[in-house]
Amino acid sequence: MKRTILFIILACSIAGVQAQRNKRSTKSKTTQKQAARKQTAKPSTQSAAAAKKEAAAKREEGDTLSTKTVVITSSFKPALRNAAKVNFSAASPLPDSVLPRLQYKVPSQNLFFSYEPAALKPMALSIDSTMPWENNHYIKAGFGNYTTPYLQAGFAFGDGKKSVVNAHLRHTSSKGSLPFQQFSKTGADVIGIFSPNDNIEWDGKVYFDNNVQYQYGFPEADETKFSKDSLRQRFTTIGLKAGLRNKRDNGFGVSYHPTLAFSQLTDNKKGSETNFIVNAPFSKTLVDKFWFNVGVTADITRYKSDSLADGAINNNLFYVSPALQYKNEHFKINGGFTPSWDNGQFYMLPDITAELKVKDERFLLQLGWTGSYNKTTYQSLSAFNPWLQQPKFLTNARIYEQYAGFKGSAGSHFTYNARASFIKFKNQPLFVNDTLSGRSFEIVNESDMTGIRLHGELGYTVQEKFSLLAGATFTKYSNLTDNDRAYGLLPFEINGSLRWEILKDVMLKSDIYFWDGARYRNKQLQSGKLDAAVDLNTGIEFGVMPRLNVWVQFNNLLNNKYRRWNQYEVLGFNVLGGVVYSFGKSSR
């Protein structure tokens, strides 16, 4: 194809040149003939007179040369011009690997807005609808030495979205080697949470507890002096609690969670106590980073006993706790006060706390000056010391604390917390042995004493597979007004717990308790100090079937028969074992 095109172009060029040559040759010949005719005809046509005049004129001008005609003839040699060659190449150009450096100049823009964005507030976490709610139930049963049956059961109801109800049952008892060294504990509770809509949530609890023990703290030689009924200590408590809260702040920026609680305790010696508590905390957002918190509390107690001169004691406590709180990304300050009325006596309690963030959220400094109440009731006293006599008075403990400390974390698993406090105690109840046999404890009041307390906590956790927690508290009681020592209060204690999932279906549990012995006053009105004690417990649970587990628990591994209360020796080494059966909509 290329050759054909070149041939056509060359042929056309030669034909054009040849035609131009012939034309020029013909024209040159015609011109020569005409010139010859003119030269030949010119002398004949001009007259002699004219020739003479022309010759004379030339001579006058000084031209002496004769007139001549010169004819120049040149031959034309045509040549073909070199044609440009057409190059065809199918190869693409090489890519350019050098990036161009582009310079941009963006002028600064000043933006002005006529509004301020509203602060973001966290919303209540709703239950993930993608995860199905599983109603799991279980029964844990076992038996151990010291004639110790053990039973525990749990049941779950509800759909997990609008309602969640959990029920628990428990019972255990033991009988030691000493006369009347036996106890039994039985309890049940039902806890429910109900959400009729996305903002309102109701919560409630109904519970029952029955604890029975005997005053066995006397020499074995005196066993025949007491009947079983006279030594029995039975405390039965029933109660209920209900609350209402909003998951999100309303249109006025207010959140609330009022609660009502009622409980009644009875013993086997015609003593009873009724408690009624109303607590209504509210919080309102004022402006960005400022909140106003206020709580109103009414704690009403009526205690009745045949041993009282008036037959009954009214122990009522009312207080209001307003506070202003400021919080940003670096620190949080809470400033408030608590006016209170303790059985008609007015007291003003401080409520000032601060937290300073030193390094992001891993280290926080804490400072505070606070005041609070430990409500003294027959129920709280019997839970702390089950071998006490019926109280003759009820005075509420008022506590003022000034503290400084820090808390934080190191890495993603290790946490710590430490605090040093100076505390003033007002109307603190203490426990001393009675002056007859010493088997029961009387309540004495300490109107004023001080204490220095050091408290620390450490924790190491890896998901739900491993957790190690430890805590220690040291308290130095001094400056007592009414008593020589802080009878019945522990000066130093350490506790720790271990939970370790060794394998998928094998869980190891362990707990340790250590404390220095408390001060006591015996029936001869002499003061003393109990020995230090350590109690080490461990247990293991493992699966043997999809719904069946086996468990073994070892308590007081060191067989240390220590005394937490004067004249009361605890059980020695004991072991329990049993099974756990899970059933319901889902297996374990």
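Numbering starts at 1 and runs along the sequence shown. Just so it is clear, the values below take in all heavy atoms, side chains as well, and ignore hydrogens, waters and symmetry mates.
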Chemist: Taking everything shown except K185 itself, do over 12 heavy atoms lie less than 6.0 Å from its NZ?
Modeler: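 No, the 6.0 Å shell around NZ holds no more than 12 heavy atoms from other groups.
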Chemist: Rounded to the nearest 0.5 Å, how far does OG of S467 lie from CH2 of W500?
Modeler: 12.0 Å
Chemist: Can a side-chain donor-acceptor contact be found between Y400 and R398 if the only test is distance below 3.5 angstrom?
Modeler: yes
Chemist: Please name all residues satisfying side-chain hydrogen bond (donor to acceptor under 3.5 Å, both in side chains) with E401, sequence neighbours left out, ordered by chain then number.
Modeler: S421
Chemist: What heavy-atom pair brings A397 and Q428 nearest, and what distance separates the two atoms?
Modeler: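 Scanning both residues completely, I find the closest heavy atoms to be CB-OE1, 4.0 Å.
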Chemist: For K289, is the NZ atom crowded, meaning more than 12 foreign heavy atoms sit under 6.0 Å from it?
Modeler: yes
Chemist: Looking at every heavy atom in both D434 and R439, which two are closest together, and how far apart are they?
Modeler: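 Heavy atoms only, the tightest pair is OD2-N, 3.3 Å.
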Chemist: Do E493 and N495 have side-chain atoms, one donor and one acceptor, less than 3.5 Å apart?
Modeler: no
Chemist: Sequence neighbours excluded, which residues qualify as salt bridge (Lys or Arg N to Asp or Glu O under 4.0 Å) partners of R170?
Modeler: D189, D209
Chemist: Is the ring pair Y416/F363 parallel, tilted or perpendicular, if the boundaries are 30 and 60 degrees?
Modeler: tilted
Chemist: Can you tell me if CH2 on W341 sees more than 12 non-hydrogen neighbours from other groups inside 6.0 Å?
Modeler: yes
Chemist: For side-chain contact (heavy atoms from CB on, under 4.5 Å), just list the numbers for Y477 and I423, CA-CA rounded to whole Å, side-chain angles, deciding distance to a tenth of an Å, and then say yes or no.
Modeler: CA-CA 9 Å; Y477 299 101; I423 307 174; over 6 Å; no
Chemist: For F331, which residues count as a ring-ring contact (aromatic ring centres under 6.0 Å, His included) partner, sequence neighbours excluded?
Modeler: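 Applying ring-ring contact (aromatic ring centres under 6.0 Å, His included) to F331 gives Y326.
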Chemist: Could you check whether any side-chain heavy atom of W565 comes within less than 4.5 Å of a side-chain heavy atom of L530, counting everything from C-beta outward?
Modeler: no
Chemist: Got a salt bridge between D516 and K529, using NZ or NE/NH1/NH2 to carboxylate O under 4.0 Å?
Modeler: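 Result for this pair is yes, salt bridge flagged.
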Chemist: Kindly give the heavy-atom pair with the smallest separation between K375 and S380, and that separation in Å.
Modeler: O-OG, 3.6 Å
Chemist: Between Y256 and F282, how do the two ring planes meet: parallel, tilted or perpendicular, split at 30° and 60°?
Modeler: tilted
Chemist: Please verify the inter-ring angle class for Y460 with H413; under 30° counts as parallel, over 60° as perpendicular, anything in between as tilted.
Modeler: tilted
Chemist: Within the structure provided, determine whether L571 and N556 are in side-chain contact (heavy-atom separation under 4.5 Å).
Modeler: no
Chemist: Taking ring-ring contact (aromatic ring centres under 6.0 Å, His included) as the definition, give me every residue that meets it alongside F235, ordered by chain and number, with sequence neighbours left out.
Modeler: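 Result, ring-ring contact (aromatic ring centres under 6.0 Å, His included) vs F235: Y378.
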Chemist: Please test S321 against N293 for side-chain contact (heavy atoms from CB on, under 4.5 Å), starting from the C-alpha separation and ending with a verdict.
Modeler: CA-CA 8 Å; S321 54; N293 304 320; over 6 Å; no
Chemist: Checking side-chain polar atoms at under 3.5 Å, does N279 have a donor or acceptor matched by the opposite partner on T297?
Modeler: yes
Chemist: Measure the shortest side-chain to side-chain distance between D351 and F337 over non-hydrogen atoms and say whether it is less than 4.5 angstrom.
Modeler: no
Chemist: Against the six-membered ring of Y138, is K140 placed for a cation-pi contact (under 6.0 Å from the centre, within 45° of the normal)?
Modeler: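 Because its charged atom misses either the 6.0 Å distance or the 45° angle limit, K140 does not stack over Y138.
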Chemist: Using the benzene-type ring in the case of Trp, are the ring centres of F431 and W387 under 6.0 Å apart?
Modeler: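 Centroid separation for F431 and W387: 6.0 Å or greater.
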Chemist: In chain order, what residues pass the salt bridge (Lys or Arg N to Asp or Glu O under 4.0 Å) check against D342, with sequence neighbours excluded?
Modeler: none
Chemist: Quick one: which of L356, T353, N417 gives a side-chain contact (heavy atoms from CB on, under 4.5 Å) with Q366?
Modeler: N417
Chemist: Please name the residue in the list K504, E501, R499 that meets the side-chain contact (heavy atoms from CB on, under 4.5 Å) test with K465.
Modeler: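 Exactly one option meets the side-chain contact (heavy atoms from CB on, under 4.5 Å) with K465, and it is E501.
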Chemist: With a 4.0 Å cut-off, would you call K426 and D448 a salt bridge?
Modeler: yes
Chemist: Return the set of residues passing ring-ring contact (aromatic ring centres under 6.0 Å, His included) with F218 (not counting sequence neighbours), or none when no residue passes.
Modeler: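 Only F226 meet the ring-ring contact (aromatic ring centres under 6.0 Å, His included) criterion with F218.
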Chemist: Using distance alone, with no hydrogens and no angle criterion, decide if Q152 and Y150 have a side-chain donor and acceptor under 3.5 Å apart.
Modeler: yes
Chemist: Side chains of S174 and T148: donor-acceptor distance under 3.5 Å anywhere?
Modeler: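 Yes, because at least one side-chain N or O of S174 sits under 3.5 Å from a partner of the opposite role on T148.
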